2 protein chains.
Amino acid sequence: MSPAKRSTVYDVAREAGVAASTVSRAFSNPRRVGAATREHVLAVAARLGYRPNPLAGALQSGRTATIALLVPDITNPHFFGTIRGAERRAKASGLTFILSNTEESGDNEQRQFERLERSVDGFVLAAGRMSDETTKDLAREHNLALVNRRVDGLPAAIVDDGAGSRQIVEHLASLGHRSLVYLSGPKESWHAAERWRALSTTAAARGLRATRLGPFSPRMESGAAAADAALVDGASALVAHNDLLAIGVLRRLAERGLNVPRDRSVVGYDDIFGADLCVPALTTLAGPHEEAGRMAVELLLERVTLPGTPTRQVVLPAHLVVRDSTGPAPE
Amino acid sequence: MSPAKRSTVYDVAREAGVAASTVSRAFSNPRRVGAATREHVLAVAARLGYRPNPLAGALQSGRTATIALLVPDITNPHFFGTIRGAERRAKASGLTFILSNTEESGDNEQRQFERLERSVDGFVLAAGRMSDETTKDLAREHNLALVNRRVDGLPAAIVDDGAGSRQIVEHLASLGHRSLVYLSGPKESWHAAERWRALSTTAAARGLRATRLGPFSPRMESGAAAADAALVDGASALVAHNDLLAIGVLRRLAERGLNVPRDRSVVGYDDIFGADLCVPALTTLAGPHEEAGRMAVELLLERVTLPGTPTRQVVLPAHLVVRDSTGPAPE
DNA sequence: AGAAGTATGGCAAGCGATTGCCAAAAGTTG
DNA sequence: CAACTTTTGGCAATCGCTTGCCATACTTCT
């Protein structure tokens, strides 16, 4: 496949009349070699089309200049912001950024982790599905930062869904709703637990009845089941684990001849692309997910480059985007 | 960070009373070692928590058991199917799959390529933005397969947009439209060229006037500019480079007080999530993109494992999904 | 001018696997 | 039972780069 063998440090060294170590340093540690020599080496290297083999470097140094982002579902728009933010931040530091899909499974996540552990300098785990214990174990041997998940002692960037969930309840309460259901996400989801906690306590404080149903997988297709379950419950407000589910719910309600927001109010989380395209446009909790992705990489980099730094957990504010899927309670 | 040093082939070898080469072979070439020995080695390895360092292996063997998919924009729903298909196929063969974003730029794509070239066994380029020449050059030294792009002598999985575009024109013609504009995508996009070719020739054959406008970046935000340009042209049917752009166009037309499909018809490409959520629901060309991703990996693997195999270019049929954004021509 | 300090380059030993080659053991065959 | 083939395991070189240590050469200071 490759007729012309790739040139190595040795080829460049020979051609430039220096030692291999000098070539290496000319690339990776410029200040360790004279300016003139360096220039010369670089020129020769360019002429030979030399490019360092990152594998060889990593094998010796243990550093790969690469970080990985593990995401439960790449095609879930919820993660777009996170992905984009993390990627931008990584590239800004000259790091290779790789993205891997864990398919909503903790086992899978761990498997990916193990596959990549030697090939990257650190991991960002978005919405990690592994248990706290497993996560901590892995953190003992590797650099990692979390997004939207809180585990003792690990750096994390977290969108404040607790406060956001309170906003949702207050919004519903102010519209006169007396009851709500939470259509819950995957049971390993830290967010799902967090949201329910905040929803139920705030609901109690405001005198609303709150029920949790599910878990439902956070995709549009689950909307029908979720909507039907909610109708059995009878609550006037449905809070779905995410926008995909919420949109699925909207469709199902329409199918069953109910009008939103007249008969039922529906709220989602994430403010994904499509949330304002559907009819009625979805009321949803928007969060600075791009910022969260950026911040997670930032925290990871702190770990890698300044091992002494105390662990930080950064909380970012969310805000409710009110659209047409919520309205006054019926009757 | 890692208190307990990772164990190596040598540790396992010592502990099991065999040579390092035997340990290596027990993992990577089982049939080359006696069944009993192998069992024993594996047991010891498990006890020591040994896991092969893929970097070290790759350095020597040149094989990484990893493939990369390069995508212009990870957050563009158009690529979801491709990503999913490619990932599934790769995992089915036990390969590590990594995904990288090229941000719609050929230069960026090439840079990513060079960063990863030594770390992967091959590349799948989805909607490659590099020139034919550059692509061929890279293919000389690396295994690669293309999605939705045709370059002489390179394996490719292609959704048949040509035929699809003809369907679009015929659909519009049958509704009485006498003119259309194509709101073009990025100028490096092979698809954009392909689509225009098919649209314009079919239009000519059917006696429609066809104009190309653009390039527009294939995102919702560009919809306003695209719509305005189209209105100046005056054509009754607007064919947008993709659904994102088409949705942007729909919004702009609504803003300007035009009714779709009464005043204008709008067609997109891709049938992304959201195409049937917006109002009016979008008529769009759907393609088997998941299958294309799967197939591209398949072709890549043929190259890697059976170097003799003739290069194949597989064409997959597309079909028009007619929804509410197209209707009879005005007047 | 001599001592002390700094900048620069080379030597060589790794990093942790893979693999070609060889030798011993085991299995076949006439 | 000798001659031959096949299995199985070990030796040691190798992949391409990094880096600790040492030897010069060049500054700087007293």
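Please read all numbers here as calculations on a predicted model, not as lab measurements. Just the heavy atoms: all of them, side chains too, but no hydrogens, waters or symmetry mates, feed the values below. Just so it is clear: chains get the letters A, B, ... in the order the sequence lines come, proteins before strands, and each one is counted from 1.
E302(A) and T309(A) form no side-chain donor-acceptor contact under 3.5 Å, judged by distance and modelled atom types alone. Using modelled atom types, one finds no donor on one side chain facing an acceptor on the other under 3.5 Å when comparing T102(A) with R129(A).
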query = If the sugar-phosphate is the primed atoms plus P, OP1 and OP2 and the base is the rest, what is the B/S/- string for nucleotides 6-18 of chain C, using protein heavy atoms under 4.0 Å?
reply = --BBBB--BBBBB
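Listed by first and then second residue, the salt bridge (Lys or Arg N to Asp or Glu O under 4.0 Å) pairs that reach into residues 56-68 of chain A come to none, sequence neighbours excluded. The salt bridge (Lys or Arg N to Asp or Glu O under 4.0 Å) contacts involving residues 32-44 of chain B comprise nothing, where partners must be two or more places apart or lie in separate chains. Applying the ring pair (Phe, Tyr, Trp, His ring centres under 6.0 Å) rule to pairs touching residues 288-313 of chain B yields H78(B)-H289(B), sequence neighbours excluded. For the salt bridge (Lys or Arg N to Asp or Glu O under 4.0 Å) condition, the pairs that include at least one residue of residues 107-116 of chain A, sequence neighbours left out, are E114(A)-R51(B).
For H40(B) and dT8(D), the NE2 to C1' distance is 16 Å, given to the nearest whole Å.
For the segment residues 42-49 of chain B, no residue has any heavy atom less than 4.0 angstrom from an atom of DNA chain C.
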message = Go through it in stages, so that I can follow the logic: the residues are R118(A) and T64(A), the test is side-chain hydrogen bond (donor to acceptor under 3.5 Å, both in side chains), and I'd like the CA-CA distance, side-chain angles, deciding distance and then a yes or no.
response = CA-CA 9 Å; R118(A) 320 297 301 259; T64(A) 58; over 6 Å; no
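Ion pair D11(B)/R6(B) not flagged as a salt bridge, since none of the NZ, NE, NH1 or NH2 atoms sits closer than 4.0 Å to an Asp/Glu carboxylate oxygen.
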